[in-house]
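These numbers were taken from a predicted model, which means no experiment stands behind them.
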Amino acid sequence: MTFGCLPVKSPRNAKDRLRHFYSPEQREALARAMFEDVLVEALKVKGLDRLVVVTNDAQALIVAAAAGAVVLLESEQRSHSASADWAAQECMRRGAGSLMLIPMDVPLVRAAEMEALLDASRQILAPSLVIVPSEDGTGTNAMVRTPPDVIASRFGPGSFQAHVSQAKAKGATVHVMREEGLTLDIDEPADVALFLAKNPQGRAADLLREFRQQAGPAGVSGPSGQDVASHAGR
């Protein structure tokens, strides 16, 4: 069976790199909005036998369960990698032969892009890794792992090369994809500017436009008076 997995970091602790631009309450609201955007699209994906949400956040668990996802309650959250690998083991116990890992902060993603990853995974020899790098090419934004534990997660700086190297060392087939909705994750002020420039729809987009209106004509202003657009050019 093929499972999808959406690890959800506690929204109360999410998006710290936006702290100079948004209040803690705004960052939490944004994290929850992005999670719900991604959840809605993931539930539309054809070819998934189950969608699993793993988190220790009560509200996220309630939202996921109400939407029809399988929920896994973590006793603690150590890291994104630890959450992903614990979920992989739990999914294997439930019969998963392949696992698609999707982040919570890619609100541009559409079901068809996730289906493209699954289609690619089915067309290559197992063991295999289908991987989507971050926009700058150094991080990892999504994976389809067959079997789910074909590699250990190494999310963070340099994770793309770390994941690919692991897979090759284990003799796994590696296929790299760059689906637009999966490469743009919202971590930095420049990401917000790029995201809104695409005129997106959804909860996160509506919320960010609301934040921009509240901030006035200058946009989202930090303590130094710099707006998001000025960071996007760096």
Side-chain angles (χ1 to χ4, degrees), residues 6-45 51 53 55 57-64 66-67 69 77 80 101-114 132-142 155-156 178-234:
L6 181 53
V8 178
K9 179 181 179 180
S10 173
R12 293 180 179 84
N13 302 317
K15 303 301 144 195
D16 185 61
R17 279 179 278 179
L18 293 172
R19 66 187 180 278
H20 296 308
F21 294 84
Y22 300 125
S23 69
E25 294 78 14
Q26 286 176 317
R27 296 198 308 274
E28 179 179 349
L30 176 59
R32 293 192 186 282
M34 290 193 292
F35 160 59
E36 292 185 28
D37 283 342
V38 176
L39 178 65
V40 165
E41 290 299 314
L43 287 165
K44 296 177 185 176
V45 173
L51 177 67
V53 171
T55 186
D57 181 78
Q59 185 175 331
L61 288 168
I62 291 169
V63 170
Q77 285 191 331
H80 185 72
L101 287 161
I102 301 295
M104 64 175 278
D105 58 356
V106 287
L108 273 182
V109 72
R110 294 296 174 260
E113 294 175 304
M114 291 181 269
V132 178
S134 58
E135 191 172 38
D136 67 2
T138 64
T140 302
N141 279 15
F155 291 105
R178 291 178 173 82
E179 301 294 319
E180 181 184 24
L182 285 166
T183 57
L184 179 58
D185 51 346
I186 308 297
D187 283 320
E188 306 278 356
D191 300 330
V192 174
L194 183 57
F195 174 64
L196 290 176
K198 296 179 181 295
N199 195 29
Q201 304 301 312
R203 294 168 176 80
D206 290 345
L207 193 62
L208 287 168
R209 292 189 187 102
E210 180 183 323
F211 293 167
R212 177 171 284 181
Q213 289 174 352
Q214 291 171 353
V220 181
S221 296
S224 64
Q226 296 172 305
D227 62 21
V228 168
S230 70
H231 284 253
R234 293 185 181 178

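In this structure, the side chains of V63 and V53 stay at 4.5 Å or more apart for every pair of heavy atoms. Using a 4.5 Å cut-off on side-chain heavy atoms (C-beta onward), V132 and E113 make no contact. You'll find the side chain of L30 reaches within 4.5 Å of the side chain of M34, heavy atoms only. With contacts defined as side-chain heavy-atom distances shorter than 4.5 Å, the pair R203/D206 does not qualify. In this structure the side chain of V109 never reaches within 4.5 angstrom of the side chain of D37, judged on heavy atoms. For the pair R17 and E188, the minimum side-chain heavy-atom distance is below 4.5 Å. In this structure, F195 and D191 have side chains that are not in contact, with every pair of non-hydrogen atoms separated by 4.5 Å or more.
Atom-to-atom distance recorded for Q214:CD and Q26:CD is 6.0 Å, nearest 0.5 angstrom. Distance check: T55 OG1 to F35 CZ gives 7.5 Å after rounding to the nearest 0.5 Å. A distance of 11.5 Å separates CG of L208 from CD of Q213, quoted to the nearest 0.5 Å. The CE atom of M114 sits 5.5 Å away from atom CD1 of I102, with the distance rounded to the nearest 0.5 Å. In this structure, D185 CG and N141 CG are separated by 4.0 Å, a value rounded to the nearest 0.5 Å.
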Take R32 and E28 through the test salt bridge (Lys or Arg N to Asp or Glu O under 4.0 Å) and record every step on the way to the result.
-> CA-CA 6 Å; R32 293 192 186 282; E28 179 179 349; 3.1 Å; yes
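Below 30°, between 30° and 60°, or above 60°: for Y22 and F211 the angle between ring planes is between 30° and 60°, a tilted geometry.
Here the shortest heavy-atom pairing between L51 and A42 reads CD2-CB, 3.7 Å. In plain terms, the two heavy atoms of P133 and R178 that are nearest each other are CG-NE, 3.8 Å. Residues Q77 and S10 approach most closely at OE1-N, 3.0 Å, considering heavy atoms. Residues L207 and A33 come closest through the heavy atom pair CD2-CB, 4.1 Å. In terms of heavy atoms, D187 sits closest to L18 at O-CG, 3.7 Å. The heavy-atom pair separating R27 from A14 by the smallest distance is NE-O, 3.8 Å.
Using a distance-only test at 3.5 Å, with no hydrogens or angles considered, a donor-acceptor pair links the side chain of K15 to the main chain of I186. Looking only at distances, no side-chain donor or acceptor of E135 sits under 3.5 Å from a matching main-chain atom of T183.
Taking a 6.0 Å sphere around CZ of R209, one finds it holds more than 12 heavy atoms contributed by other residues, nucleotides or ligands.
A salt bridge between D105 and K9 is absent, with no side-chain N of the basic residue lying under 4.0 Å from a carboxylate O of the acidic one.
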